[in-house]
S.K.: 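Take a look at the following structure, please.
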Amino acid sequence: MLDVRDLDLFYGDAQALAGVSFTVPDGSITAIVGANGAGKTSLIRAIAGMEPPRAGSIRFDGHDITGKESFEICDLGLGQVAEGRQVFPTMSVQDNLELGAMVPRARKLATQSLERVWEMFPRLLERRKQLAGTLSGGEQQMLAIGRCLMGRPKMIMFDEPSLGLSPAMVHEVFAIIRRLHEDGMTVVLVEQNVAVSLHMADHACVLENGHVVMEGRGADLLGDDRVRAAYLGL
Ligand code: ATP
């Protein structure tokens, strides 16, 4: 579904990604694991068309998306739920959701998509007129996921979806990600909760200082001594 080859990304002179290559198999949950500052968010932003890479290529669902605008990438079916949720605080829940369906392919399906989101998140339906900024953190995360679904993605990249949420909400967010995957969604998951993300993942890669140092099955990485020592504290 996604193939990243030899990606370099710089912020000024500082290199955030160096020759990053990895694949996301169709229908998989692929976890990206790494310490703070390893480059996980930079990688997601580069794939989503929000940071231009200096070198390398990105293919998604048969299309070369290297250097394309994020709007175009979104229209091809690549969605992302950014770190920190990023809802529009002074707009209503429903208006936030409708903004997610602005790309041409999704616009035609907006009414149907909204029904699906209400079915999946009844709490958002109850609060559809409420300003997004007054929702709880967990509700804002639901809204961010719902807004992404309004764009009719084939693949969703989640950046730290459980950050700052209560344990019950963390559980709910992971249940939603599992449900989306069971319904056929390809998922990329960046998560501080490495044990949970590797348990969920079919496929995973480890980033260190902007380099991919390991790629393999989630279960194999969970059993790897270096991963256990560095990320699971075992
Ligand atoms: P975290 O888990 O802490 O969010 P991360 O793995 O997502 O970390 P990135 O946010 O991608 O890491 O950061 C990779 C490197 O790039 C870091 O050294 C960071 O300081 C740097 N960096 C990220 N964004 C910018 C920016 N906009 N300008 C300059 N440097 C940046």
S.K.: Look only at the side chain of Thr23 and the backbone of Asp3, and say whether a donor-acceptor pair between them is shorter than 3.5 Å.
M.R.: no

S.K.: Check the side chains of Ser162 and Glu191 for a donor-acceptor pair under 3.5 angstrom, ignoring hydrogens and angles.
M.R.: yes

S.K.: Who passes side chain to side chain contact (heavy atoms under 4.5 Å, CB included) against Ser136, sequence neighbours left out?
M.R.: Glu139

S.K.: Check whether any side-chain N or O of Asp8 sits under 3.5 Å from a backbone N or O of Gly19 as a donor-acceptor pair, and report yes or no.
M.R.: yes

S.K.: Can you tell me how far CG of Leu149 sits from CZ of Phe121, rounded to the nearest 0.5 angstrom?
M.R.: 6.0 Å

S.K.: If you measure from CE on Met1 to CE on Met185, what distance do you get to the nearest 0.5 Å?
M.R.: 10.0 Å

S.K.: Does Asn209 have more than 12 heavy atoms from other residues, nucleotides or ligands lying within 6.0 Å of its CG?
M.R.: no

S.K.: Got Met142 and Arg127 here, is their nearest side-chain heavy-atom distance under 4.5 Å?
M.R.: no

S.K.: Measure the spacing between CZ of Arg5 and CZ of Arg59 and express it to the nearest 0.5 Å.
M.R.: 11.5 Å

S.K.: Give a yes or no on whether the backbone of Leu9 and the side-chain of Arg54 come within a donor-acceptor separation of less than 3.5 Å.
M.R.: no

S.K.: Is the backbone of Gln192 close enough, under 3.5 Å, to the side chain of Glu160 for a donor and an acceptor to pair up by distance?
M.R.: yes

S.K.: Rounded to the nearest 0.5 Å, what separates atom CE in Met91 from atom CG in Leu97?
M.R.: 10.0 Å

S.K.: Would you confirm whether Asp159, through its side chain, and Val190, through its main-chain N or O, come within 3.5 Å as a donor-acceptor pair?
M.R.: no

S.K.: What side-chain donor-acceptor pairs closer than 3.5 Å can you find for residues 26-33, not counting sequence neighbours?
M.R.:
from  : atom 1 : to    : atom 2 : distance (Å)
Ser28 : OG     : Pro25 : O      : 2.7
Ser28 : OG     : Thr30 : OG1    : 2.9

S.K.: Name each donor-acceptor pair under 3.5 Å that joins a side chain in residues 69-84 to protein atoms two or more places apart or in another chain, with its distance.
M.R.:
from  : atom 1 : to     : atom 2 : distance (Å)
Asp75 : OD1    : Arg105 : N      : 3.0
Glu83 : OE1    : Thr41  : OG1    : 3.3

S.K.: Checking side chain to side chain contact (heavy atoms under 4.5 Å, CB included) against Tyr231, which of Leu221, Leu198, Leu222, Val206 comes through?
M.R.: Val206

S.K.: Any chance you could measure Gln141, atom CD, to Leu165, atom CG, to the nearest 0.5 Å?
M.R.: 6.0 Å

S.K.: Could you tell me whether a side-chain N or O of Lys129 sits under 3.5 Å from a main-chain N or O of Gln94, the two making a donor and an acceptor?
M.R.: no

S.K.: Is it the case that atom NE2 in His199 sees more than 12 heavy atoms from other parts of the structure closer than 6.0 Å?
M.R.: no

